[in-house]
Trainee: 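The structure is given below, and queries will be raised subsequently.
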Amino acid sequence: LLVPLNRAIGEAWLRGQMEVFEEHAFTELLQSLIRQAIGTLPPLPEASPRVLRTTLPGEPHGLGLLMVEAMLSNEGAACVPLGVQTPVWDVVLAAGAYRCDIVAVGFTGCTNPNQTV
């Protein structure tokens, strides 16, 4: 339900049917609810796969990755959130330091495709 709702909010903002502050308030509320839901999950075994999640510089949106964290956590993965706009070299360092098995990097349409590649 969250993905179509988030898409509808984004499209409404693009069409000028929603103010920036309204979109931001929605995002903050949704992030709070998702984090609360993740917090209710039982502790994971030490051998759980570890997933580092972040965005690269220039990508300020992290809601999609938080939704991914909720799904992965529910399936038994331990997620290591770095927040948004992490320099590439720091992603590499963090993946090693936190012994991550997977690195999840989020991108939205506001990221320059050439920079992404």
Side-chain angles (χ1 to χ4, degrees):
L1 295 173
L2 295 182
V3 173
L5 176 60
N6 191 50
R7 183 175 294 122
I9 294 290
E11 289 172 1
W13 177 81
L14 283 171
R15 288 190 304 268
Q17 298 171 318
M18 177 174 274
E19 298 295 331
V20 171
F21 77 88
E22 293 171 312
E23 187 270 337
H24 284 196
F26 162 78
T27 299
E28 289 299 316
L29 176 62
L30 191 53
Q31 288 175 343
S32 178
L33 290 172
I34 293 171
R35 286 189 175 101
Q36 185 178 15
I38 291 170
T40 66
L41 296 172
L44 296 169
E46 189 63 33
S48 299
R50 299 178 64 79
V51 181
L52 183 78
R53 70 170 185 83
T54 190
T55 68
L56 300 178
E59 176 54 74
H61 300 97
L63 181 58
L65 277 175
L66 184 57
M67 288 190 267
V68 167
E69 179 175 340
M71 292 186 328
L72 292 173
S73 297
N74 194 48
E75 294 296 323
C79 292
V80 179
L82 292 185
V84 296
Q85 301 196 61
T86 306
V88 174
W89 182 241
D90 285 299
V91 174
V92 173
L93 293 175
Y98 292 116
R99 300 177 334 272
C100 293
D101 303 296
I102 300 167
V103 175
V105 181
F107 301 96
T108 64
C110 78
T111 305
N112 179 333
N114 294 329
Q115 188 176 11
T116 300
V117 172

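Since the structure is predicted, the reported quantities are computational estimates derived from the model, not experimental observations. Residues take their numbers from the sequence shown, with the count starting at 1.
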Trainee: Which residue pairs pass the side-chain hydrogen bond (donor to acceptor under 3.5 Å, both in side chains) test with at least one member in residues 44-59, sequence neighbours excluded?
Mentor: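 Passing the test, one end in residues 44-59: R53-E69, T54-T86, E59-H61, E59-T108, E59-T111.
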Trainee: Any chain of hydrophobic side-chain contacts (each under 4.5 Å) joining V92 to I102?
Mentor: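 In one cluster with V92: I102, no.
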Trainee: Can you see which heavy atom on V80 is nearest to which on C100, and at what distance?
Mentor: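 Smallest heavy-atom distance, with atoms named: CG2-SG, 4.1 Å.
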Trainee: Taking the hydrophobic residues Ile, Leu, Val, Met, Phe, Trp and Tyr, and joining any pair whose side-chain heavy atoms are under 4.5 Å apart, which ones share a cluster with L29?
Mentor: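 Under the 4.5 Å side-chain rule, L29 groups with L33.
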Trainee: Do T40 side-chain atoms and A37 backbone N/O form a donor-acceptor pair below 3.5 Å?
Mentor: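 Looks like yes, one N/O pair under 3.5 Å.
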Trainee: Looking at every heavy atom in both L82 and A94, which two are closest together, and how far apart are they?
Mentor: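 Reported closest heavy-atom pair: CD1-CB, 3.7 Å.
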Trainee: Can you tell me if CD on Q36 sees more than 12 non-hydrogen neighbours from other groups inside 6.0 Å?
Mentor: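 It does not: Q36 CD has 12 such atoms or fewer within range.
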Trainee: Within a radius of less than 6.0 Å around CZ of R15, do more than 12 heavy atoms belonging to other residues, nucleotides or ligands occur?
Mentor: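 Yes, because the 6.0 Å sphere around CZ of R15 holds more than 12 heavy atoms from other groups.
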Trainee: Do L66 and V68 sit in the same hydrophobic cluster, where Ile, Leu, Val, Met, Phe, Trp and Tyr count as joined when their side-chain heavy atoms come under 4.5 Å apart?
Mentor: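 Each belongs to a different hydrophobic cluster.
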Trainee: At their closest point, which heavy atom of E19 faces which heavy atom of E22, and how far apart are they?
Mentor: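 Where E19 meets E22 most closely, the heavy atoms are N-OE1, 2.7 Å.
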Trainee: Can you find a pair of side-chain heavy atoms, one from M67 and one from M71, that are under 4.5 Å apart?
Mentor: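 The answer is no; the side chains never approach within 4.5 Å.
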Trainee: Main chain of E23, side chain of T27: is a donor-acceptor contact present, judged purely on distance under 3.5 Å?
Mentor: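 Indeed, once roles are kept as given, a pair shorter than 3.5 Å links the two residues.
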Trainee: If Ile, Leu, Val, Met, Phe, Trp and Tyr residues are connected whenever their side-chain heavy atoms lie under 4.5 Å apart, and connections chain through other members, are V84 and L56 in the same group?
Mentor: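 Not linked; separate clusters.
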Trainee: Give, for atom CD of Q31 and atom CZ of F26, the distance between the pair rounded to the nearest 0.5 Å.
Mentor: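 The distance works out to 10.0 Å.
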Trainee: If you take all heavy atoms of G76 and P49, which pair is closest and at what distance?
Mentor: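 So the minimum-distance heavy-atom pair works out to O-CD, 3.9 Å.
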Trainee: Please report the interatomic distance CD1(I9) to CG(L14), rounded to the nearest 0.5 Å.
Mentor: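 Reported to 0.5 Å precision, the distance equals 11.5 Å.
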Trainee: Find out if a path of hydrophobic residues (ILVMFWY) with successive side-chain heavy-atom gaps under 4.5 Å connects F107 to V103.
Mentor: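 Result: yes, single cluster for both.
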Trainee: To the nearest 0.5 Å, how far apart are SG in C79 and CD1 in I38?
Mentor: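 Atom-to-atom, C79:SG and I38:CD1 are 7.0 Å apart.
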Trainee: I need the minimum non-hydrogen distance between V51 and A104, along with the two atoms involved.
Mentor: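 So the minimum-distance heavy-atom pair works out to CG1-CB, 4.1 Å.
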Trainee: Do V88 and Y98 share a hydrophobic cluster (ILVMFWY, side-chain heavy atoms under 4.5 Å, transitive)?
Mentor: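 Yes: a chain of side-chain contacts under 4.5 Å links V88 to Y98.
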Trainee: Please give me the minimum heavy-atom distance between Q85 and G58, naming the atom from each residue.
Mentor: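 Shortest heavy-atom separation between Q85 and G58 comes out as OE1-N, 3.2 Å.
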Trainee: With heavy-atom distances below 4.5 Å as the criterion, would you say the side chains of L2 and I34 are in contact?
Mentor: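 Counting from C-beta outward, L2 and I34 do come under 4.5 Å.
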